[in-house]
Amino acid sequence: MVKQYQTILENAGIRPSIQRIAVYRYLCENPIHPDVEKVYADLAPSYPTLSKTTVYNTLKLFEEKNIVQSIKIEDDKLRFDAEMRDHFHFKCTDCNKIFDIFSKSDEDKLSQQCQKILPDGFLMSKVQTYLWGKCKECACK
């Protein structure tokens, strides 16, 4: 499994250090859209030489190399997501968890509508859509 993450980093032009592999693996295996503090807190016990600065710089490098994306949903915290396929983000207003929602046909329609409203000559490269409400678990309470 580690080899898979190492290969992804190498293919993105990133030197696959132990700490970088650990951060990328964490994002892939924990699709909770963590911020820097959460990644650091969860990995630091297993990687005592890891610093919060290293986590931050690693995540920014991953974003620059397009293997993760950052999202800012509602609060001032920058969160990170290793899921690079187009999708919506849903934040539960009760438990504060963020979920990935996939609906290719709706994303295509939204993208087409956004492109139509742009002034002539504008080129859209990305659309991020956030939804808020109660997740299934919280709605049943």
Can you say whether the rings of Tyr24 and Tyr5 are parallel (under 30°), tilted (30 to 60°) or perpendicular (over 60°)? perpendicular
Within a 6.0 Å radius of atom OH on Tyr56, are there more than 12 heavy atoms belonging to other residues, nucleotides or ligands? no
For the student: nearest non-hydrogen atoms of Cys92 and Cys135, plus distance: SG-N, 3.3 Å
Can you tell me how far the CD1 atom of Ile18 sits from the CZ atom of Arg25, to the nearest 0.5 Å? 12.5 Å
Hey, what's the ring geometry for Tyr130 with His89, parallel, tilted or perpendicular (30° and 60° as the breaks)? tilted
Which atom pairs, donor and acceptor, lie under 3.5 Å between side-chain atoms of residues 38-46 and protein residues at least two apart or in another chain?
residue: Lys38; atom: NZ; partner: Asp42; partner atom: OD1; Å: 3.4
residue: Lys38; atom: NZ; partner: Asp42; partner atom: OD2; Å: 3.1
residue: Asp42; atom: OD2; partner: Tyr26; partner atom: OH; Å: 2.4

Distance col, row Thr58:OG1 vs Ile21:CD1, nearest 0.5 angstrom, shows 11.5 Å
Got a second to check how far His33's NE2 is from Asp81's CG, nearest 0.5 Å? 3.5 Å
Under 4.0 Å between a side-chain nitrogen and a carboxylate oxygen: does that hold for Arg85 and Glu83? yes
Got a sec, which residues hit side-chain contact (heavy atoms from CB on, under 4.5 Å) with Glu10, two or more places apart in sequence or on another chain? Gln6, Pro16
Cluster check Phe62, Ile32: I/L/V/M/F/W/Y, side chain < 4.5 angstrom: yes
Leu131 side, atom CG; Ile98 side, atom CD1 - distance, nearest 0.5 Å: 11.5 Å
Whether over 12 other heavy atoms sit under 6.0 Å from Gln4 CD: yes
Quick one: closest heavy-atom pair of Asp100 and Phe102, and the distance? CB-CE1, 3.7 Å
Taking Asp35 first and then Arg79, would you say they form a salt bridge - that is, a charged N and a carboxylate O separated by under 4.0 Å? no
